[in-house]
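Here's the structure, in structure tokens; my notes come after.
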Amino acid sequence: MTEPQPVRRRRGRGARERILKAATELFTAQGINATGMDQLSTVAEVSKRTLYTHFPSKDELVRAYLQSLVDALLPVPPSPGQPTPSPREQLLAVFDWKPQETTGPFRGCPFLNVSVEVPDPVHSAHELAAAYKREFARRLTDAARQAGVADPETLGEQLALLFDGAAARGTALNSSHTVACARSIAESLVDAALADVGPASP
């Protein structure tokens with residue numbers, strides 16, 4: 001009988017990045033609660049000691065994982081020196097979101113997933129997910145305000161709710177097409193709001 005081979009550990013710099021990469025892959029594919037620290041250390045090719053040196057607890061790793069996603073998923077204001085997208089493009093850009101590739105089922109929005117898997121509203125991970133969702137709507141509201149729509153708060157909340165609903169429905173149906181469908185609804189909402197301030201931008 002062949003003796004099992006020990007897991008090969010990679011040494012040197014980059015351990016933290018490998019751990020976060022492994023966390024992103026595993027949390028996306030199977031969820032946070034189903035992912036153990038032993039599996040994370042194996043996939044990241046680091047020892048348990050190295051894993052806990054960088055992330056003393058799983059909660060801290062979950063927080064770092066969520067923080068690493070914030071900038072990639074939030075509506076981003078135009079950068080100085082870059083061509084400024086039209087107000088319409090800025091408001092619809094979130095619906096062009098491409099989910100993290102995974103061999104598992106479609107998992108939708110990672111922040112919604114965390115709020116479900118960690119239901120305690122005062123848990124740090126749940127609080128971070130809630131803060132992200134508030135910021136998501138706020139940035140959409142800012143874009144709507146800059147576009148000059150009459151009620152930017154309502155439009156921002158409508159678009160945020162539409163996106164979240166599409167992500168949640170896509171998770172239930174194991175399909176990312178729900179976000180594309182939501183985009184067509186968002187176009188109607190945005191065009192109606194922009195019609196009150198002038199011709200809709202192309």
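Numbers here are sequence positions counted from 1. Below, all heavy atoms of this structure are taken into account, side chains as well, without hydrogens, waters or symmetry copies.
- Among residue pairs with one or both ends in residues 180-190, those qualifying as side chain to side chain donor-acceptor pair (under 3.5 Å) are D96-R183, R183-E187; sequence neighbours excluded.
- In this structure, a donor-acceptor pair under 3.5 Å is absent between the side chains of T28 and R107.
- The side-chain heavy atoms of Q39 and T42, taken from C-beta on, include no pair separated by under 4.5 Å.
- Summarising the geometry of C109 relative to A167, their closest heavy-atom pair is N-CB, 3.8 Å, with the distance given to 0.1 Å.
- By the 4.5 Å heavy-atom criterion applied to side chains, L155 and L140 are not counted as neighbours.
- Using a 4.5 Å heavy-atom threshold, the side chains of V118 and V62 count as separate.
- Between N174 and F106, the shortest heavy-atom contact is OD1-N, 2.6 Å.
- Checking side-chain atoms of Q90 against main-chain N and O of A143 turns up no donor-acceptor pair under 3.5 Å.
- Of all the heavy atoms in L162 and A186, the pair that sits closest is CD2-N, 3.5 Å.
- We find the CG-CG distance between D164 and L159 to be 11.0 Å, quoted to the nearest 0.5 Å.
- At distances below 3.5 Å, at least one donor-acceptor pair connects side-chain atoms of E89 with backbone N or O atoms of S86.
- Here the side chain of R18 pairs a donor or acceptor atom with the backbone of A44 at under 3.5 angstrom.
- Using a 4.5 Å cut-off between side-chain heavy atoms of Ile, Leu, Val, Met, Phe, Trp and Tyr, with links allowed through other members, L112 and F136 fall into different hydrophobic clusters.
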Test side-chain contact (heavy atoms from CB on, under 4.5 Å) applied to L194 and V149, step by step: CA-CA 6 Å; L194 291 176; V149 305; 4.0 Å; yes
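- Nearest heavy atoms, L40 versus A23: CD2-CA, 3.5 Å.
- Here L92 contributes atom CG and D191 contributes atom CG; the two are 7.5 Å apart, rounded to the nearest 0.5 Å.
- By the side chain to side chain donor-acceptor pair (under 3.5 Å) test, R138 is found to be paired with E135, D142, residues two or more places apart in sequence or in another chain being considered.
- Residues F27 and N113 have side chains not in contact (no heavy-atom distance under 4.5 Å, counting atoms from C-beta outward).
- In plain terms, the two heavy atoms of H54 and A15 that are nearest each other are NE2-CB, 3.8 Å.
- Between the side chains of Q158 and E153, no donor-acceptor pair of N or O atoms lies under 3.5 Å.
- Remark: the backbone N or O of A160 is not paired with any side-chain donor or acceptor of K133 at under 3.5 angstrom.
- The main-chain N or O of V46 is never found under 3.5 Å from a side-chain atom of T50 such that the two would form a donor-acceptor pair.
- The 12-atom threshold is exceeded at CZ of R145, counting heavy atoms of other residues, nucleotides or ligands nearer than 6.0 Å.
- Cluster annotation: Y52 is connected to L26 through the hydrophobic network of ILVMFWY side chains, with a link wherever side-chain heavy atoms come within less than 4.5 Å.
- Here L61 contributes atom CG and L20 contributes atom CG; the two are 6.5 Å apart, rounded to the nearest 0.5 Å.
- At a threshold of 4.5 Å between non-hydrogen side-chain atoms, the residues F55 and R63 do not count as touching.
- Contact annotation: the side chain of E157 never approaches that of T141 to less than 4.5 Å [non-hydrogen atoms, C-beta and beyond].
- The OG1 atom of T35 sits 9.5 Å away from atom OH of Y65, with the distance rounded to the nearest 0.5 Å.
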Is there a salt bridge (charged side-chain N to carboxylate O under 4.0 Å, His left out) between E17 and K21? Walk through the geometry before answering. CA-CA 6 Å; E17 289 73 18; K21 182 175 184 293; over 6 Å; no
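- Taken together through direct or relayed side-chain contacts under 4.5 Å among Ile, Leu, Val, Met, Phe, Trp and Tyr, V116 and L66 form parts of separate hydrophobic clusters.
- In terms of heavy atoms, T178 sits closest to A166 at OG1-O, 2.7 Å.
- You'll find the side chain of V114 reaches within 4.5 Å of the side chain of I32, heavy atoms only.
- Both V70 and V94 are assigned to one and the same hydrophobic cluster, defined by single-linkage of ILVMFWY side chains at heavy-atom distances under 4.5 Å.
- A donor-acceptor contact shorter than 3.5 Å is absent between the side chain of S175 and the backbone of T171.
- Counting only residues at least two apart or on different chains, the ring-ring contact (aromatic ring centres under 6.0 Å, His included) pairs with a member in residues 107-131 are F111-Y132.
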